[in-house]
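Structure record follows, encoded as structure tokens.
These numbers come from the heavy atoms of this one structure, side chains and all, not from hydrogens, waters or symmetry mates. Both counts, for ligands and for their atoms, begin at 1 and track the order of listing.
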Amino acid sequence: MQIAVLALQGAFIEHEQMLERLGVSSVEIRQKRDLERPYDGLIIPGGESTVQGKLMRELGLFEPIKKQIEQGLPVFGTCAGLLLLAKKIENDERQHFATMDITAVRNAYGRQLGSFYTEADFQGIGNIPMTFIRAPYIDSVSDNVEVLAAVDGKIVAAKQDNQLVTAFHPELNDNLSVHQYFVNMVSQKA
Ligand code: GLN
């Protein structure tokens, strides 16, 4: 198994380290020719959704990756990655891949609470650490979306078929279970 990590901006190295700890090899996607290497899943890291969206479009990565996701490639978006996958962003007219039937709110926790740490239940895993950095949350989901975690009544993790998103950054804590969850999604698909 090989998992690609979008490596244009943001916290991609941390995801690669998590995969390495799980014994899964990763490849970085930085330019168009990287898409030719075989991979079984894709991680879209946290960072800035607008910057990642712009760079992907400029580098000719956007359309081919969108197509791969639509064709069923397992994808895991964290934070900015969630915003890139969301069909709608409540407070931003931009839309990116728009492959997941969720509405997200960008920078949803305001300035004071921009970053925080908590622990909450993740469906099928149990209580896990969650680090939020100027995070979005999910405002609403369609029926075909499974809600996996909520904090203070706001949805912070969800799954729709091949797409997994978290508003928090599991790559910034020591707990490997969300990455393991994604690796399981990838191996079930393979
Ligand atoms: N606020 C960022 C955005 O709008 C997301 C923050 C993050 O990925 N840590 O894209």
Can you give the donor-acceptor pairs under 3.5 Å from side chains of residues 121-133 to other protein atoms, not counting sequence neighbours?
from	atom 1	to	atom 2	distance (Å)
Gln123	NE2	Glu146	OE2	3.2
Thr131	OG1	Asn173	OD1	2.8

At a 4.0 angstrom heavy-atom cut-off, ligand 1 is contacted by Gly46, Gly47, Glu48, Ser49, Cys79, Ala80, Leu83, Arg106, Asn107, Ile133, Arg134, His169
Quick test of your reading: applying ring pair (Phe, Tyr, Trp, His ring centres under 6.0 Å), list the pairs with at least one residue in residues 77-101, sequence neighbours left out, ordered by first then second residue. Phe62-Phe97
Within-4.5 Å side-chain heavy-atom neighbours: Leu83 and Leu85: no
Closest contact, heavy atoms only, Ser187 versus Met1: CB-CE, 3.6 Å
Exercise: identify the closest heavy-atom pair between Asn162 and Ile69: ND2-O, 3.0 Å
Can you tell me which residue pairs pass the salt bridge (Lys or Arg N to Asp or Glu O under 4.0 Å) test with a partner in residues 165-184, sequence neighbours excluded? Arg21-Asp174
